[in-house]
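Read the structure below first, then the notes.
Predicted, not measured: the structure shown is a model, and the values here were computed from it.
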Amino acid sequence: MRIVIVGAGFTGIQLAKLLINERNNVVLIDNDEEIMRHAANRLDCTVMVADGNNIETLEEAGIARSDALVCLTGSDEVNMITCSLVDAVYPEILKIARVRNYAYYVNTTAAQKTHATTFTGKHRPLYGIDYMVHPDVEAAEAIVQAVENGALSSVVSFDNSEMQISCVSVCAGSVFAGHKLMEMRTLCPVPLLVAYVEIDGNTTLPNGNTVMEPGCSLGVLVSKNDLSKVLELCGSRQQDLKKIAIIGAGRIGTLVASKIVEPKKSSFIKMFAEKSRKSSQKIVIIDSDEQLAKAAAERFPEASVCRGDATDESFLAEEGIPSFDLAICATHNHELNMVLSAYLESLGVKQTVSLVTSAAFATIAQKLGVDVTVSLRDVVVDSIMSHMRGKAVKEVHTITNGNLEIIECILPADSKVSGKKVKELAEPGKYLVLLDKHPGTDEYEIANGETCVSTGDHLVLIAQADETRRVLELFESGREK
C-alpha cells in the first residue's frame, strides 16, 4: 500500500514506523523543519517539509496513486479540511482523520446514524472523512473493555464471543510452575491455548518447550467462563468488582463512567448484577476540579461524586477508598495516573487501571505494580491501523510491547489457503491461527492442527508485527507462501 500521512507528531511517527515495518510505501508531510529532519534520520520513507493541506503538495507526494490519507496534525480543522479537499478530487482514496474536539466527533457520528440510509451510492462521507478517530473515545472504550473483563490484566476480547485473550501471571506454587507449555493442556481441565509468552520483559509466540517459571506471563486464549479456573491454577483468582473508584471526571473519566454507571449502556452492569445480587453496587467518582465534580454529580446521580485530592491519604481514608476492589485513574495527568495507581494499591486497593501516554510508560506502570494500562497514543494507532487493513480485516490489536499483533479477518473466496488444515499453514515463531468461526455459527472454536479453514471463516490470528502484512496477503489475496 501507498499511504500519505500529514502530521509528524508522536502518533504520525509511530504510525509511519508500523507501516514501514510492514513494507508499505509511506510519505510523511509536516511543515516543521526540525521535526522532519529527525524523521528523515529515523524513518525509511519519503519526508516532505510542507503544508499538507495543499493539493499541489499532496499531488507531489503522490496522492493520486495512493491507497490512503491519514491526517494527524495538531489542528482538527486542518485534518478535516485536508480530507475534504482530497475527497473532492480523489474520492476513491481512504481518508482517516484524528480529531480532538469532541463536538466534531459527536455531531458527525450522530449525523451519520441519523442519515445512515442516505450515505450510500453517490453520497460522500461527511467532510470527506471515511473514519474519524477521537483519542478520548478510543481510550475510554479500552478502559471499559478491561473493566468488563475483571481488570486482572490486559485483555483482548472479540465481539459476541465468550472467548478472550487474558494476560495471566504464573505465581510461585502454581500448578503450571516448572512445566513446559506442551504439558499445559494435560494440567488444565478447560479448553485453552497460549497465544504468547512474556519472560523478563520479552514477548514471543509460544514454543512447546518453554518452561513456565514463576514470574512469567502468559497470553491465554480461554472462555470468559473458564478464566477463573485458569487463574486458580496460575496461583491467583478473579475478584468481584463490587466497589469501583473512578479518579478523574474529565472527558475520558466521564465516558468511562457513562458505560459503568448507566445500566442501559453497559454490559458490565448486567454482568455485575448477576454476580452481586446480594451486594449493593458502589461507584465513587473523584476530581479536584469543582466544576467537573459538579457536572459529574448532575449526570451520574447513582454514583457518589467527591471533590477532593486523590493523593491525600486522609481524604482517601475518609471515603474508604483503600478497601475498594478497583480504582480507575483517568486524569489528564498521565504520569500522576501511574504513580497514583501504584500508591492506591499500596494502601489496599485490590486492582488498578491507569491511563498512560504511550507503551513506554505502560511498561513503567506495570513495573510499578499497575494491573492494567491503557496507552492513549497506542489505542489511536491501533484504531487507524484497523481501518487500513482492508475490507476483510475487522480488527487489529497491538499487544505487550508492540511486537505482536492480533488480527481478526474474514477469509475471502479467492484465498488459496481455503480448504487447508492449520498444520499445513504453520510457520512457528511467525504467526499462529488462534480461533476459527465458520459461517452460520455463533461461536469461535480454538484452532488446532486439524482445523480446516474455509471461505467465509472469521479467523483470529496472532503474528509478529513485521510479519503481519505478509500473513494477511497469504490469507486474503490468495497468494501462496
Side-chain angles (χ1 to χ4, degrees), residues 142-143 145-157 163-241 325-329 338 341-342 344-346 348-354 356 359 361-375 397-404 406 434 462:
I143 290 172
Q145 183 183 76
V147 174
E148 289 181 342
N149 289 281
L152 278 165
S153 59
S154 300
V155 174
V156 177
S157 57
M163 304 303 296
Q164 64 181 28
I165 299 175
S166 299
C167 183
V168 300
S169 296
V170 177
C171 303
S174 165
V175 171
F176 300 138
H179 289 274
K180 295 181 178 180
L181 281 176
M182 66 176 66
E183 303 174 278
M184 195 170 187
R185 288 188 179 181
T186 62
L187 298 170
C188 184
V190 300
L192 85 167
L193 180 67
V194 177
Y196 63 88
V197 180
E198 184 175 351
I199 301 176
D200 296 330
N202 297 315
T203 306
T204 61
L205 293 176
N207 182 306
N209 290 316
T210 300
V211 177
M212 295 176 282
E213 299 291 355
C216 76
S217 296
L218 308 174
V220 179
L221 176 64
V222 66
S223 167
K224 296 175 184 178
N225 297 325
D226 293 332
L227 178 59
S228 58
K229 183 60 180 178
V230 175
L231 288 168
E232 180 184 335
L233 294 174
C234 284
S236 60
R237 65 189 183 90
Q238 192 169 18
Q239 300 282 346
D240 286 338
L241 305 179
D325 301 304
L326 173 67
I328 302 169
C329 297
M338 293 192 306
S341 294
L344 291 172
E345 289 208 10
S346 73
V349 176
K350 295 182 179 66
Q351 294 165 248
T352 55
V353 176
S354 175
V356 298
F361 283 100
T363 301
I364 295 171
Q366 288 165 354
K367 290 181 178 179
L368 290 174
V370 180
D371 295 291
V372 179
T373 57
V374 173
S375 166
H397 312 273
T398 301
I399 57 173
T400 62
N401 56 5
N403 66 332
L404 295 177
I406 296 171
L434 302 176
I462 184 169

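Between V220 and I165 the shortest side-chain heavy-atom distance does not fall below 4.5 Å. Counting heavy atoms from C-beta outward, E198 and L218 have side chains that stay 4.5 Å or more apart. Considering only heavy atoms from C-beta on, L231 comes within 4.5 Å of V168 through its side chain. Inter-residue side-chain proximity for N209 and M182 is flagged as met; some heavy-atom pair is nearer than 4.5 Å. Side-chain contact check for P189 versus L233: some heavy-atom pair is nearer than 4.5 Å. For the pair K350/L326, no side-chain contact is recorded, criterion being any heavy-atom separation below 4.5 Å from C-beta on.
Heavy-atom minimum distance, V372 versus A146: CG1-CB, 3.8 Å. When all heavy atoms of L434 and L221 are compared, the pair lying nearest together is O-CD2, 3.6 Å. The two residues C234 and S169 have their closest heavy-atom pair at CB-O, 3.4 Å. Between T352 and S341 the shortest heavy-atom distance is CG2-O, 3.5 Å. Closest approach of M338 to F361, counting heavy atoms only: SD-O, 3.3 Å. Closest of all the heavy-atom pairs between F176 and V230 is CE1-O, 4.2 Å.
The 12-atom threshold is not exceeded at CG of D200, counting heavy atoms of other residues, nucleotides or ligands nearer than 6.0 Å.
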Could you go through the side-chain contact (heavy atoms from CB on, under 4.5 Å) check for S354 and L368 one step at a time?
CA-CA 11 Å; S354 175; L368 290 174; over 6 Å; no
side-chain contact (heavy atoms from CB on, under 4.5 Å) between D371 and E345, worked out:
CA-CA 10 Å; D371 295 291; E345 289 208 10; 2.6 Å; yes
Please lay out, stage by stage, how R185 and L193 fare under the test side-chain contact (heavy atoms from CB on, under 4.5 Å).
CA-CA 8 Å; R185 288 188 179 181; L193 180 67; 3.4 Å; yes
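Within the 3.5 Å criterion, the main-chain N or O of A359 finds a donor-acceptor partner in the side chain of T363.
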